Amino acid sequence: MTGGNSMDAISVRGLFRQYQSYLNQPITVKGWIRTLRTSKTFGFIELNDGTFFMNLQVVFGDNLNNFSEVAKLTLSSAICVHGRLVESTGAKQPFELQAERIGIENLASADYPLQKKKHSFEFLRTIAHLRPRTNTFSAVFRVRSLLAFAIHQFFQERNFVYVQTPIITGSDCEGAGEMFRVTTLSFTDTPRNAQGQTDFSQDFFGKETNLTVSGQLNAEAYCMAFRNVYTFGPTFRAENSNTARHAAEFWMIEPEMAFAELADNMHIAEEMLKYLIHYVLENAPEEMAFFNSFIEPSLFQRLTNVLNSEFGHLTYTEAIEILKKADVQFNYSIDWGSDLQTEHERYLTEKVFQKPVFVTDYPKGIKAFYMRLNDDDKTVAAMDLLVPGVGEIIGGSQREERLGYLDKRIAELGLDRKDYEWYLDLRKYGGTKHAGFGLGFERLIMYLTGITNIRDVISFPRTVKSADF
RNA sequence: UCCUCGAUAGCUCAAUGGUAGAGCAUGCGGCUGUUAACCGCAGGGUUGUAGGUUCGAGUCCUACUCGGGGAGCCA
């Protein structure tokens, strides 16, 4: 075989998964030097080939024709090792590669910024192009990849149809936050209409367009054709949010189910979260063990607790009663009608329930227009899933399927009915009960890994005042 | 956007208003089984930026920039 790809080399993952079958065999491995230790006539290399979280220990001696060169290899140099796999006498690994030839593919510059020590997450963010080579980020991004796959698998197993909704949206009616404008108009010579305003009729799409803040409304259209659908894609919010839980660009999963009510919605959300926890524990045991040891010491306990317990349920009104009786001094007052503050949510999920908890039936005044009005005429069939540590990880609702009610709600809020014509059509033509929710993909990763800053679960994070790399 | 803390060597951090240091990393040397190896020596600085106070500023004051934590908004 020609070329230098991994096709003709054994993967470190393969070795770790079944090293017995390679013992005392000659093998070739290609990878990067994570760390190297030498003595006068021998040395050790910890080699990472990208396929596995753990490193392969390579032992080399002065029988190598380029021993002195190898002994001076810098961290992150790329090498090709040919040798024999043997059982290790060291305590920390069951096997090691006794090198017979080491080819040097690239000698890394000595000023390689990652050292054999712990680095702060803040520093690593400044070298986001190199940080995937660290243990932590190697673990985070392999888990992220597995979770993305698991989400598809979860929904596909249940015959949900994956819908790719548009990233550029022409409707300004999604109401989920500030939007990023998409335009080809000149900023120095902006076309104006008779009123002196920007003339978007001359823009690329002939109208004002933005990056999507949610695929939900589009997903509802496909829901009414395929019954159960989900979206999984990037989402953009131009909010000036400076927190560890917000990014300007993030990924969201939005299932939407026809003939479903709020209870079905919560049921699938709980089932999904448990499925995903189970999946990563099963398929990324080394990575999860690393998180449990170095990122959040009680991670396994917490996740096991989630797997083994029923999620809590309470209505917004019940939550208000609990908070009023709470033996805690809150900074924000508790009044029926105002939204729950972070401190309230944390109290509920971390102190009262100590597990994920659904809060349902919020006052209509603090929720979106499309949520289904309850019979009390005061609350809507909304649900937020609060989890310890991260806060709100899921927000969803049963949608208002009754044309008259939706019409009335749009009028009440002073929205322009014209903008919702197609959305109202969905009710006109066979509209059924339906429900769905949005899951923040990064918040999910944070919850399952114990990483506390969203910037550390996105490859190249985009946040306020920061779009490097 | 608000509150709060911070910015000193490549990294992590010290330094009563009075000569800017250490550990790690890097370079060189030593070491026959290491595990963030170990031991010795060396190089490495416009103390975030711009002003100000002072005989003298890393240190005090003002503004700005960037970053951490918290809040709002949300996923």
Side-chain angles (χ1 to χ4, degrees), chain A residues 34-46 54-62 71-72 74-75 86 88-93 96 98 108-127 130 134-135 174-178 213-216 233-254 269 294 330-332 338-346 366-368 384-387 390-396 437-447 452-458 463-466 468:
Chain A
R34 277 292 175 79
T35 157
L36 177 150
R37 301 175 282 276
T38 58
S39 284
K40 189 179 186 181
T41 57
F42 65 94
F44 300 93
I45 292 171
E46 281 189 38
M54 317 285 272
N55 303 316
L56 172 66
Q57 172 156 291
V58 175
V59 191
F60 64 97
D62 57 6
K72 287 182 183 174
T74 44
L75 297 195
V86 297
S88 180
T89 56
K92 294 207 172 179
Q93 60 283 317
E96 63 194 15
Q98 193 76 49
S109 173
D111 59 3
Y112 181 60
L114 291 170
Q115 304 149 31
K116 296 188 250 182
K117 57 169 275 191
K118 274 192 177 170
H119 291 285
S120 65
F121 284 149
E122 290 84 357
F123 170 65
L124 291 172
R125 279 172 215 148
T126 69
I127 50 168
L130 300 176
T134 64
N135 287 336
E174 303 189 32
E178 293 297 309
V213 293
S214 164
Q216 181 202 316
T235 307
F236 307 87
R237 305 266 169 99
E239 238 101 55
N240 189 10
S241 299
N242 285 294
T243 81
R245 296 180 295 285
H246 290 84
E249 177 182 308
F250 63 99
W251 283 57
M252 194 153 63
I253 296 101
E254 297 176 291
F294 296 106
F330 293 115
N331 291 320
Y332 290 84
S338 3
D339 211 349
L340 299 178
Q341 302 297 311
T342 296
E343 58 176 352
H344 304 144
E345 295 180 342
R346 292 184 69 126
I366 56 173
K367 288 291 181 185
D384 283 357
L385 180 65
L386 311 178
V387 298
V390 177
E392 186 183 335
I393 198 169
I394 283 175
F437 61 84
L439 166 72
F441 187 45
E442 285 77 10
R443 289 187 181 176
L444 171 77
I445 300 166
M446 292 166 73
Y447 185 56
T452 55
N453 196 309
I454 197 168
R455 295 167 182 85
D456 300 325
V457 298
I458 300 178
T463 53
V464 182
K465 300 286 182 207
S466 172
D468 298 325

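We name chains A, B, ... by the order of the sequence lines, and we start the count at 1 in each one. Just so you know, these numbers come straight off a predicted model, no measurement behind them.
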Hey, which of these two, A:K465 or A:D111, hits RNA chain B nearer its 5' end, going by closest nucleotide?
->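 First, find each residue's nearest nucleotide; the 5'-ward one identifies A:D111.
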
Between A:G440 and A:E122, which is nearer to the 5' end of RNA chain B once each is assigned its nearest nucleotide?
->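 Per heavy-atom nearest nucleotide, the more 5' residue is A:E122.
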
Distance-only donor-acceptor check, side chains [X] and [Y], under 3.5 Å:
{"X": "A:E249", "Y": "A:T235", "answer": "no"}
{"X": "A:N135", "Y": "A:R34", "answer": "yes"}
{"X": "A:T35", "Y": "A:E46", "answer": "no"}

Assess whether atom NZ of A:K116 is packed by more than 12 heavy atoms of other residues, nucleotides or ligands within 6.0 Å.
->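 Check passes, neighbour count above 12.
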
Decide if atom CZ of A:F123 counts as having more than 12 heavy atoms of other residues, nucleotides or ligands within a radius under 6.0 Å.
->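 Counting neighbours around CZ of A:F123, more than 12 heavy atoms of other residues, nucleotides or ligands fall under 6.0 Å, so yes.
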
Quiz question: going by heavy-atom distance under 3.5 Å, is there a donor-acceptor pair between the base of [N] and the side chain of [X]?
{"X": "A:E343", "N": "B:rG70", "value": "no"}
{"X": "A:H119", "N": "B:rC11", "value": "no"}
{"X": "A:R245", "N": "B:rA75", "value": "no"}
{"X": "A:S241", "N": "B:rC73", "value": "yes"}

How close or far is atom [atom2] of [N] from atom [atom1] of [X], stated in whole angstroms?
{"X": "A:R37", "N": "B:rA36", "atom1": "CZ", "atom2": "P", "result": "7 Å"}
{"X": "A:L340", "N": "B:rA71", "atom1": "CG", "atom2": "P", "result": "14 Å"}
{"X": "A:I394", "N": "B:rA75", "atom1": "CD1", "atom2": "P", "result": "11 Å"}
{"X": "A:F437", "N": "B:rC74", "atom1": "CZ", "atom2": "C1'", "result": "17 Å"}
{"X": "A:F44", "N": "B:rU32", "atom1": "CZ", "atom2": "C1'", "result": "9 Å"}
{"X": "A:N242", "N": "B:rC66", "atom1": "CG", "atom2": "C1'", "result": "12 Å"}
{"X": "A:K72", "N": "B:rA25", "atom1": "NZ", "atom2": "P", "result": "18 Å"}
{"X": "A:F42", "N": "B:rC38", "atom1": "CZ", "atom2": "P", "result": "14 Å"}

Does OP1 or OP2 of [N] have a side-chain N or O of [X] closer than 4.0 Å?
{"X": "A:R443", "N": "B:rC74", "result": "no"}
{"X": "A:T35", "N": "B:rA37", "result": "yes"}
{"X": "A:N453", "N": "B:rG69", "result": "yes"}
{"X": "A:T243", "N": "B:rA71", "result": "no"}
{"X": "A:K40", "N": "B:rC31", "result": "yes"}
{"X": "A:R34", "N": "B:rA36", "result": "no"}
{"X": "A:K92", "N": "B:rA36", "result": "yes"}
{"X": "A:Q115", "N": "B:rU26", "result": "no"}

From B:rG27, B:rC73, B:rG33, nucleotide with atom closest to A:T74 side chain |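 The listed nucleotide nearest to A:T74's side chain is B:rG27.
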
Any idea which of B:rU32, B:rU35, B:rC74 is nearest the A:Q57 side chain?
->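 So the nucleotide nearest the side chain must be B:rU35.
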
A:R245 with A:E392: basic N within carboxylate O range, under 4.0 Å |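 No, this pair does not count.
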
Determine the Euclidean distance between corresponding P atoms of B:rC11 and B:rA25; express it in Å to zero decimal places.
->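 Rounded to whole Å, the distance is 15 Å.
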
Remember a base hit wins even if backbone is also touched, and classify [X] as base, sugar-phosphate or nothing at under 4.0 Å, heavy atoms.
{"X": "A:G438", "result": "sugar-phosphate"}
{"X": "A:L114", "result": "nothing"}
{"X": "A:E254", "result": "nothing"}
{"X": "A:E442", "result": "nothing"}
{"X": "A:Y332", "result": "sugar-phosphate"}

Pair partner, B:rC2 [Watson-Crick or wobble, under 3.5 Å] |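 Paired with B:rG70.
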
Pair partner, B:rC38 [Watson-Crick or wobble, under 3.5 Å] |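 Answer to the pairing question: B:rG30, which forms a Watson-Crick or G-U pair with B:rC38.
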
Closest non-hydrogen atom pair between A:F250 and A:E442, with its separation |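 Where A:F250 meets A:E442 most closely, the heavy atoms are CB-OE1, 3.3 Å.
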
